Protein chains: 2
Amino acid sequence: MIQTPYLLFLGDAPDQLAAKVAQGIADWRPESAVGQFRMAGCKADAGLSDMSLAEAREAGARTLVIGVANRGGTISEAWKKVLIEALGMGFDLASGLHSLLRKENDLVRAATDHGRTLHDVRVPAVSYPIANGVRRSGKRVLAVGTDCSIGKMYTALALEQGMRRRGMKCTFRASGQTGILIAGRGVPLDAVVADFMAGAVEWLTPENDSDHWDIIEGQGSLFHVSYSGVTLALLHGGQPDALILSHEPTRTHMRGLPDYMLPSLETLRDIALPLARVANPVCEVVGIAVNTRAMDDDMAKDYLAGVERRMGLPAIDPYRHGADRLVDALASL
Amino acid sequence: MIQTPYLLFLGDAPDQLAAKVAQGIADWRPESAVGQFRMAGCKADAGLSDMSLAEAREAGARTLVIGVANRGGTISEAWKKVLIEALGMGFDLASGLHSLLRKENDLVRAATDHGRTLHDVRVPAVSYPIANGVRRSGKRVLAVGTDCSIGKMYTALALEQGMRRRGMKCTFRASGQTGILIAGRGVPLDAVVADFMAGAVEWLTPENDSDHWDIIEGQGSLFHVSYSGVTLALLHGGQPDALILSHEPTRTHMRGLPDYMLPSLETLRDIALPLARVANPVCEVVGIAVNTRAMDDDMAKDYLAGVERRMGLPAIDPYRHGADRLVDALASL
């Protein structure tokens, strides 16, 4: 568990995209961040108040979160001075970068000297069990995609927001680095050893009240040959009661795989649902989340109406229009 | 690569089942083992000549393979004297046990002193890449099961034997501990980090002659919630041209999961084949391998004839009847 509130470190981000972790936190957990810290030359802005380390500590910040990615995912020497100063002032550090905080001797030394914690959310902190498949109380929903990086995490966070507004009991369950930094906890599933993947998902989504929803962050795609095993572990470890199908209609091939086309929503449904029912026989596909970013308003509206007719299910862009119609569908289960 | 030939260490095995790794090597690679080493009280017999360490060295043995499993998979103190003596006499050691040779200080010291190698085949020795999905030349076959531990490895080894007898080019590609000790190389897939599973399978089954068959050892089952992700990584990383369906008809529930029934062969086919075709659009199901151990001859014959009619595919028990009819089906692809 990472201590909140955060100060978001944007460093010397060369553009807005480099700070997408900070943006995710600012978008979905504004109450978790007192402000942002930008170095000279920073080209990103998460829309929060700029603060010095001292101002942020004054405002209650407990963890400095690295919300920026370098090319190559390394911890830049230019950042080190700030990070070491922050440890000295009582901040913990949290990072989802490929290069680990705990491998940087100067950071380890400063953390030890000042009794602070270094959170590397890219590596598992727990010995997960092998999945036992025992049915758990509580309800669970999972988004499965026609491809990777198609909006499954944003869909999950939009569902959480919609459910909270209605006073429904729910928890966003993070399965990736950005999600973990947003939620402050979770499982970095792509870094878990194969035998323990499904068990890690069971651990992540334990027994709960019968009217509580776990909103599980999806990963990969059953149709993406590089990562499909991770997706199936989520389906079988998560025992979802409900699936959301996620899609991006303008993508011309699977991410990183130029020779692979995306499956249709029908094909995704026909493969994902029988597999989900192995672990939870009452699982249903309840709706479709489309990432319409590349479409104008009319085009998005037409496309969604067409999908809705074809599939007989609510089809929305949760980022553009909110997730209310998906929340309706889940509330009626 | 583990150096052959082996001396098989059966230790103080309490029964025949405890020595199943040694039995697998003796059954499928008799040319790789000069003999077996048994301690006082050993209740197992792999059917090879009993030899002392000195006799085995004389006969050319280069590696002492731990072919026995303790309860808990530990390295027994009672074995240590033999293992250390073997290192001193020039043997390498190889083990698939959960407890690692490299974690035993006395073994590490003896190996270092004598310049020998400790092979722990349970842990990956390679940094595998992320799968790129690029189509590779050569042909590949994979057995997929209605459950785990249903005879997929024996099916693969029987296929290899049948192909070799006909002079077909082929390689058994091990994906588990016992398979790796049998083949002397392979990938311990269940110990690979999630993101790299499919890439490890691509690495295991590289480009090859167009008339060469990789016979990939299967793992888990798409329907076994604890391990299904590993199975899907094999389907997508292995790009099989041919699938064999594996089944054990008397099993009353999935292994280790009392509340889960086995799927039918039809259900397995209808899920596995579309998933396999994501990576290899020409993949076909070519036959069915049934483990009929629990049936008498007549019962097995009737059952296989019934499956063959129902599924319209050759159905055999490769261990009982040889894999010839499956080899026929593969040779015609």
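Since this is a predicted model, take the numbers as computed values, not measurements. Lettering of chains follows the sequences in order, A, B, ..., and the numbering in each one begins at 1.
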4.5 Å side-chain heavy-atom contact, A:Met153 and A:Leu157: yes

Contact origin within A:Val192 toward chain B - heavy atom pairs under 4.5 Å: backbone

Contact winner vs chain B - A:Gly133, A:Ala233, A:Gly237, heavy-atom pairs under 4.5 Å: A:Gly133

Top contributor to chain A contacts, counting heavy-atom pairs under 4.5 Å, from B:Pro263, B:Ala191, B:Gly199, B:Pro274: B:Ala191

When B:Leu189, B:Ile130, B:Val225, B:Leu234 are compared by non-hydrogen pairs under 4.5 Å with chain A, the top option: B:Val225

CD1-CD1 distance between B:Ile180 and B:Ile2, expressed to the nearest 0.5 angstrom: 7.5 Å

Side-chain heavy atoms of B:Ile66 within contact of B:Leu101, under 4.5 Å: yes

Side chains of A:Ile244 and A:Val144 in contact at under 4.5 Å (non-hydrogen atoms): no

Could you list every donor-acceptor pair linking chain B to chain A (distance under 3.5 Å, backbone and side chains)?
| from | atom 1 | to | atom 2 | distance (Å) |
| --- | --- | --- | --- | --- |
| B:Ala131 | O | A:Ser226 | OG | 2.7 |
| B:Gly133 | O | A:Tyr260 | OH | 2.5 |
| B:Asp190 | O | A:Asp195 | N | 3.0 |
| B:Val192 | O | A:Ala194 | N | 2.8 |
| B:Ala194 | N | A:Val192 | O | 2.8 |
| B:Asp195 | N | A:Asp190 | O | 3.0 |
| B:Ser226 | OG | A:Ala131 | O | 2.7 |
| B:Ser228 | OG | A:His236 | ND1 | 2.6 |
| B:His236 | ND1 | A:Ser228 | OG | 2.6 |
| B:Tyr260 | OH | A:Gly133 | O | 2.6 |

Non-hydrogen atoms of B:Ala276 and B:Leu243 that approach each other most closely: CB-CD1, 4.1 Å

Heavy-atom contact with chain A under 4.5 Å, split by part of B:Leu222: both

Heavy-atom closest pair, residues B:Leu262 and B:Ile150: CD2-CD1, 4.3 Å

B:Val278, part contacting chain A, at a heavy-atom distance under 4.5 Å: both

For B:Ala18, side-chain contact (heavy atoms from CB on, under 4.5 Å) partners two or more places apart: B:Ala13, B:Pro14, B:Asp15, B:Val68

Shortest non-hydrogen separation from B:Gly179 to B:Phe172 and the atoms involved: O-CE2, 3.7 Å

Top of B:Ile271, B:Val193, B:Leu275 for chain A proximity - count of heavy-atom pairs under 4.5 angstrom: B:Val193

Separation of B:Leu265 CG from B:Leu245 CG (nearest 0.5 Å): 6.0 Å

